Every structure is written in structure tokens, then in C-alpha cells.
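For clarity, every value in this text was computed on a predicted model and none was experimentally measured.
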Amino acid sequence: MKESVGYTVTLNIAIMFIIIVFAFLAAALIYYKSNKVNNVIINSLEKYEGFNDLAINEINNSMTTLGYNRHSINCGDNISDDGNACTLVGDGDSKDNGYCVYVCVEENKDYYYFRVKSYMMINVPIINEILNIPIFSNSNRLYDFGDSFK
């Protein structure tokens, strides 16, 4: 009888360890996919030097091929990044596709950069509504030739 109780406890510990390891691996894969979506968005913004129709078309095509689950999210109008004020760019199109694009102007107002926010989506029925983790990424600094953001 003593061996059967000890075996049950050992089996429970092994099962819990396997569950924790697989949960960690699943979270790492979901984070990788979310970060990849942000990189696709940032590359399109840098390629077309702004959030214009060409960038939006490329972003939407790339997100379709990546298999990113799009759902409507709530974006704030302003966020702060290292003391720089960042304002939301574009209309509600990006909000409906599951990402937000902000333009941030640096203090000397000669350079600007984009800050992209998307969400790490975990498709578990109950947890999906509770756990929505935002992922932020920054683009490279771009010089403002046309004084667009001053």
C-alpha cells in the first residue's frame, strides 16, 4: 500500500511538470507569432515611410498569410514612450484588424518613429477573454523631410 501512494504522488508531480513545460512552450510560440506580426507591420511602415494605403495593403496581405487572428481592439488616442508623445495614426481600419499604429515625435522634432501595438492572442475559450497581453514594437528613427509631424 505504501508503494501505491508514493507512485501516485510521483505521477502527479510528473503530470504537473509536463503541463507546465507545454504551457511555457505554447506561450513562447504565441509570443513569437505576435512579435512576427509587429515586425511585418514595422517593415511595411518603414518601406512606405508612413501609414498610407500602400502600407495598409501590404500589412493586410502579410497578416493574412501569417494566420493572425484579427479582432477589433480598443486603441487609446495617445500613449507615452520615453517621454515622447505618441498619437494614433489612421482611422479605425487598424483597430478592426487587431493592431494600433502610433507616430512618436522626438523632442528636437527632426525625427519620428512608429510604435505598433498588437495583442498576444491565446485561443482558449475562457482564457481568451480574460488574458489579452499587448505587445509593443518600435520602428527605426525616420527623418522628417516635409515637416509632417511638427
Side-chain angles (χ1 to χ4, degrees), residues 11-150:
L11 191 61
N12 285 340
I13 292 172
I15 290 172
M16 289 303 295
F17 178 75
I18 290 171
I19 289 172
I20 290 171
V21 167
F22 279 114
F24 178 74
L25 289 176
L29 287 174
I30 291 169
Y31 179 76
Y32 171 74
K33 190 174 186 179
S34 299
N35 202 13
K36 190 173 185 179
V37 166
N38 277 359
N39 287 339
V40 164
I41 295 170
I42 286 175
N43 287 338
S44 296
L45 292 173
E46 289 177 352
K47 180 178 177 181
Y48 295 108
E49 296 179 359
F51 191 65
N52 50 29
D53 292 335
L54 296 172
I56 291 171
N57 289 336
E58 184 173 323
I59 289 168
N60 290 336
N61 290 337
S62 299
M63 288 176 68
T64 302
T65 59
L66 287 175
Y68 183 71
N69 293 333
R70 302 177 190 181
H71 70 282
S72 183
I73 61 172
N74 187 13
C75 299
D77 291 334
N78 296 319
I79 60 171
S80 178
D81 180 39
D82 294 334
N84 298 327
C86 302
T87 57
L88 186 66
V89 177
D91 53 0
D93 188 36
S94 66
K95 294 178 188 179
D96 295 336
N97 288 326
Y99 63 93
C100 302
V101 177
Y102 297 94
V103 64
C104 304
V105 179
E106 292 187 354
E107 292 177 8
N108 59 7
K109 298 189 190 263
D110 288 337
Y111 292 95
Y112 66 96
Y113 61 95
F114 292 101
R115 187 164 171 85
V116 176
K117 174 174 123 177
S118 67
Y119 283 94
M120 194 167 122
M121 295 182 213
I122 301 171
N123 290 331
V124 177
I126 296 172
I127 296 175
N128 191 26
E129 299 298 324
I130 297 171
L131 189 62
N132 237 352
I133 302 170
I135 307 289
F136 286 96
S137 296
N138 293 339
S139 71
N140 292 327
R141 295 181 337 146
L142 302 169
Y143 186 76
D144 192 6
F145 287 106
D147 295 334
S148 302
F149 302 109
K150 286 188 179 181

Sub-4.5 Å side-chain heavy-atom contact between I13 and F17: no
The reported gap from CD1 in I42 to CG in N138 (rounded to nearest 0.5 angstrom) is 6.5 Å
Under 3.5 Å, side chain of S62 to main-chain N/O of I59, donor-acceptor pair present? no
Shortest non-hydrogen pair, G76 vs Y102, comes out as O-OH, 3.0 Å
Check whether any side-chain heavy atom of F114 sits under 4.5 Å from a side-chain heavy atom of I41, and report yes or no. no
Of the non-hydrogen atoms in N97 and M63, which two are nearest, and what is the gap between them? O-CE, 3.6 Å
Would you give the length of the straight line joining atom SG of C86 to atom CZ of R115, rounded to the nearest 0.5 angstrom? 6.5 Å
Flag side-chain contact, heavy atom, 4.5 Å: Y119 against I73: yes
Using modelled atom types and a 3.5 Å cut-off, is there a donor and acceptor pairing between side-chain atoms of E46 and backbone atoms of N140? yes
Gap separating the NZ atom of K117 from the SG atom of C100, nearest 0.5 angstrom: 5.0 Å
If every non-hydrogen atom of G50 is compared with every non-hydrogen atom of A55, which pair is closest and at what distance? O-CB, 3.5 Å
Rounded to the nearest 0.5 Å, how far does CG of L45 lie from CG of N52? 8.5 Å
N78 atom CG, neighbour heavy-atom count above 12 within 6.0 Å: yes
Distance (rounded to the nearest 0.5 Å) between Y143 OH and E49 CD: 13.5 Å
Rounded to the nearest 0.5 Å, what separation is found between the CG atom of D110 and the CZ atom of R141? 9.5 Å
Y31 side-chain N/O to I135 backbone N/O, donor-acceptor pair under 3.5 Å: no
Taking the side chain from N43 and the backbone from N39, do they hold a donor-acceptor pair closer than 3.5 Å? yes
Are there over 12 heavy-atom neighbours, none belonging to N74, within less than 6.0 Å of that residue's CG? no
